[in-house]
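We're numbering straight along the sequence, starting at 1.
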Amino acid sequence: MQAVFQAPGKNYSWRFPDDVLAVFQPIYSVYQGCVVAVEALARIRASNGEILLPMQFLPFLTLDQRRELSRQMLLAGIDLLETLEAGGVSIDLSFNVDPDFMEDQDCIPCFLGVLGNTSIAPQRITLELLESGDFLQGDIAVDRLHSLRETGASIALDDIGSAYSSLLRLKNLPIQKIKLDQELVRDLDREPKIMAFLQSMKFLADGLGAILIVEGVETITILDAVAQLRQDLVQGYAIARPMPAEALLAFISAGALPDISPAPQSLLGAYAAHVLRRPLMYSLDQEKDSAALARFLENCPLLGYLRTHASAVGDTVLAAYTALLQEQQGLRQDRVNQQITETELRVQSLLYDAIRAEP
């Protein structure tokens, strides 16, 4: 049944479900160099032509309407996948599901019912659950999600980092994918310390046997940094903005994808490469292998970038590591450890300021 909504204080209205639109954002594999999936995202076209984002209309919808919204996104995504497959392109689909809907006993029959009349296997579908809400805290979540997994579909926990409680439940939930909250990642070039959190989430996903998808990769510089951390799956404006199905078909056909270099192309990317390799530097120090430590610094991607991109901060960082190698000789091991830590902290502070200052 159609419902008409008038947003408080706004000069427009919209109808549900008639004004619902589906747009699609590619999920890109850095390793494969291609789009491997799309996420179906809901939008509303208001009476004044404005395209509304979920935060502008979801609060007005009932649970039944949110359920219908998820069903429409699944149907639109399946249509897209079947069209792509007819052209010889096979990719996967993600769509958002309200966690409250998962408490409904009909959720799995409803999901299978939609797929029953299509050629798309459940194994190509990922249901994204928001980290917020109470569903993931209840015992019913484990049983319901296991039942959903038995259909062959994958389950992703969306917006990890926007709340804390469900992190404690990850070890018990049958989650195959983790999506990092885009609000964290899109600030990476202004707050480089987020790099440590991103790396920790990658370790967590690896430890759980889950796949990490990093959202909010909005700039080429952030894409460079994420790639240097050896993160495979990314999503964001640096790849493509959400777009209608017709535009996505043209986008994939054109192959207009970013060219990602193995070597860092930005100071942020160079720092990310260094963060990834830093544990190796400490291990070489513990082994008291000064020659190996010298080779490590000689081949360090960060120092290589600074040597070829002259700057005041680069000169200071290079001088700091040169002094570290010179002072290491003849020192007690505990003093060497302290000097490495002090040097790393000083370099980190210098790089943070330099990265923030970049245009």
Side-chain angles (χ1 to χ4, degrees), residues 160-161 164 167 180-181 184-208 212 214 221-222 224-231 262-358:
I160 278 285
Y164 173 73
L167 287 174
L180 192 60
D181 183 21
L184 289 169
V185 181
R186 62 166 45 120
D187 290 332
L188 189 58
D189 51 357
R190 293 187 294 276
E191 287 297 337
K193 63 184 178 182
I194 296 174
M195 195 91 66
F197 182 81
L198 175 54
Q199 187 181 32
S200 297
M201 290 306 303
K202 191 171 186 302
F203 289 151
L204 174 62
D206 290 343
L208 293 170
L212 180 65
V214 175
T221 298
I222 294 177
D224 180 37
V226 171
Q228 291 302 320
L229 284 178
R230 298 182 184 173
Q231 166 60 31
Q265 301 299 300
S266 64
L267 183 58
L268 184 67
Y271 175 64
H274 180 65
V275 168
L276 183 69
R277 289 164 52 91
R278 190 157 50 192
L280 175 60
M281 180 176 69
Y282 281 103
S283 68
L284 292 174
D285 167 53
Q286 292 297 323
E287 294 170 8
K288 303 180 182 180
D289 190 343
S290 57
L293 181 59
R295 289 193 299 271
F296 169 85
L297 292 175
E298 178 65 27
N299 297 317
C300 174
L302 171 62
L303 301 189
Y305 179 87
L306 293 176
R307 292 187 191 103
T308 56
H309 295 76
S311 66
V313 68
D315 293 342
T316 304
V317 170
L318 290 169
Y321 282 118
T322 299
L324 173 65
L325 286 174
Q326 292 173 346
E327 295 169 3
Q328 185 188 31
Q329 306 299 324
L331 290 178
R332 298 194 320 270
Q333 188 61 32
D334 60 340
R335 179 56 184 151
V336 172
N337 294 343
Q338 182 181 347
Q339 279 200 320
I340 289 180
T341 299
E342 290 174 353
T343 299
E344 280 296 296
L345 289 174
R346 185 154 61 96
V347 165
Q348 178 175 277
S349 178
L350 288 168
L351 292 174
Y352 281 4
D353 290 341
I355 289 168
R356 293 189 189 102
E358 286 197 326

To the nearest 0.5 Å, tell me how far [X] [atom1] sits from [Y] [atom2].
X: Thr322; Y: Asp315; atom1: OG1; atom2: CG; value: 10.5 Å
X: Thr343; Y: Tyr321; atom1: OG1; atom2: OH; value: 7.5 Å
X: Leu198; Y: Lys193; atom1: CG; atom2: NZ; value: 15.0 Å
X: Leu204; Y: Leu212; atom1: CG; atom2: CG; value: 9.0 Å
X: Ile355; Y: Leu267; atom1: CD1; atom2: CG; value: 4.5 Å
X: Glu344; Y: Leu324; atom1: CD; atom2: CG; value: 8.5 Å

Parallel, tilted or perpendicular: rings of Phe296 and His274 (30°, 60°) =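 Because their plane-to-plane angle lies in the 30° to 60° range, the rings of His274 and Phe296 count as tilted.
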N/O donor-acceptor pair under 3.5 Å between [X] side chain and [Y] backbone:
X: Asp224; Y: Pro264; value: no
X: Gln265; Y: Ala263; value: yes
X: Ser349; Y: Arg346; value: no
X: Gln228; Y: Pro262; value: yes

Can you name the nearest heavy-atom pair linking [X] to [Y], along with the distance?
X: Gly269; Y: Ser266; value: N-OG, 3.0 Å
X: Gly314; Y: Leu306; value: CA-CD2, 3.8 Å
X: Ile194; Y: Leu184; value: CD1-O, 3.3 Å
X: Asn299; Y: Arg277; value: O-NH2, 3.9 Å
X: Leu229; Y: Leu276; value: O-CD1, 3.9 Å
X: Ala272; Y: Ala225; value: CB-O, 3.4 Å

Test side chain to side chain contact (heavy atoms under 4.5 Å, CB included) on Tyr352 and Tyr271 and set out the steps.
-> CA-CA 9 Å; Tyr352 281 4; Tyr271 175 64; 3.5 Å; yes
Does CZ in Arg356 sit with more than 12 non-hydrogen atoms of other residues, nucleotides or ligands closer than 6.0 Å?
->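 Enclosed.
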Might you work through the side chain to side chain contact (heavy atoms under 4.5 Å, CB included) test for Asp189 and Glu358, ending with a clear yes or no?
-> CA-CA 9 Å; Asp189 51 357; Glu358 286 197 326; over 6 Å; no
Starting from the C-alpha separation in whole Å, work towards a yes-or-no answer on side chain to side chain contact (heavy atoms under 4.5 Å, CB included) for Thr316 and Leu350.
-> CA-CA 9 Å; Thr316 304; Leu350 288 168; 3.6 Å; yes
Quick one: do the Gln338 and Glu342 side chains pair a donor with an acceptor below 3.5 Å?
->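 A donor-acceptor contact under 3.5 Å links the two side chains.
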4.5 Å side-chain heavy-atom contact, Val214 and Met201 |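 Sidechains of Met201 and Val214: no contact.
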